[in-house]
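Please read these numbers as outputs of a predicted model, since none were measured by experiment.
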Amino acid sequence: RFKLPSACQNRDPLNTEQDAAIGYLRNQAALIRPKIIVCLGRIAAMRIIKEDFKITKEHGQWFEKSGVQMMALFHPAAHPPGPPAQARDL
């Protein structure tokens, strides 16, 4: 069973970690047959959409692959935290 390491520390996953997860993900997609897939981050987009995916240039753009619409967004860890507390409280 695949388990993410607890000490990822916002690093790119190793190829061995990616390889351990991709088969499971592909099997899930084959069972579910989604119409849309949204990848969170560059690594996911490079594995799912296309190998040379450029997250800063191509995020938010739709791609079609095997009849499935796909898009990548920045990974949540790539963004700084939300606005300061004062702005949230307004």
Side-chain angles (χ1 to χ4, degrees):
R1 182 176 155 127
F2 176 73
K3 183 178 179 187
L4 285 173
S6 59
C8 285
Q9 303 294 324
N10 289 333
R11 64 169 173 79
D12 289 351
L14 302 173
N15 286 338
T16 54
E17 293 165 337
Q18 293 178 45
D19 293 342
I22 196 67
Y24 176 81
L25 182 61
R26 287 188 175 136
N27 287 337
Q28 290 295 304
L31 289 170
I32 297 168
R33 294 184 298 207
K35 295 178 182 176
I36 296 173
I37 294 177
V38 177
C39 299
L40 296 180
R42 173 181 53 89
I43 301 297
M46 290 173 67
R47 287 301 292 249
I48 308 262
I49 298 174
K50 62 179 187 169
E51 287 184 25
D52 62 344
F53 193 89
K54 305 292 185 207
I55 191 72
T56 54
K57 292 182 180 180
E58 299 175 301
H59 73 279
Q61 296 178 26
W62 288 103
F63 295 83
E64 189 274 328
K65 186 175 176 183
S66 303
V68 178
Q69 293 295 314
M70 300 182 183
M71 174 195 293
L73 301 174
F74 289 112
H75 191 281
H79 289 287
Q86 301 105 329
R88 284 195 304 264
D89 294 340
L90 294 177

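- Atom CG of Asp19 and atom CZ of Arg47 lie 5.0 Å apart (nearest 0.5 Å).
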Side chains of residues 26-40: which donor-acceptor partners sit under 3.5 Å, not counting sequence neighbours?
from	atom 1	to	atom 2	distance (Å)
Asn27	ND2	Gly23	O	3.3

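- For Lys50, the side chain to side chain donor-acceptor pair (under 3.5 Å) partners are Glu58, not counting sequence neighbours.
- Annotation: ring-ring contact (aromatic ring centres under 6.0 Å, His included) contacts of His75 (sequence neighbours excluded): none.
- One finds the CD1 atom of Ile49 at 9.0 Å from the CH2 atom of Trp62 (value rounded to the nearest 0.5 Å).
- Tracing side-chain contacts under 4.5 Å through hydrophobic residues (I, L, V, M, F, W, Y), one never reaches Ile43 starting from Ile55; they form parts of separate clusters.
- Residues Leu25 and Gln18 have side chains not in contact (no heavy-atom distance under 4.5 Å, counting atoms from C-beta outward).
- The shortest non-hydrogen separation linking Leu73 to His59 is CA-CB, 4.4 Å.
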Review point. Between Ile22 and Ile48, is a side chain to side chain contact (heavy atoms under 4.5 Å, CB included) present by the stated rule, with each step listed?
Key: CA-CA 9 Å; Ile22 196 67; Ile48 308 262; 4.2 Å; yes
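- Glu51 places none of its side-chain heavy atoms less than 4.5 Å from the side chain of Met46.
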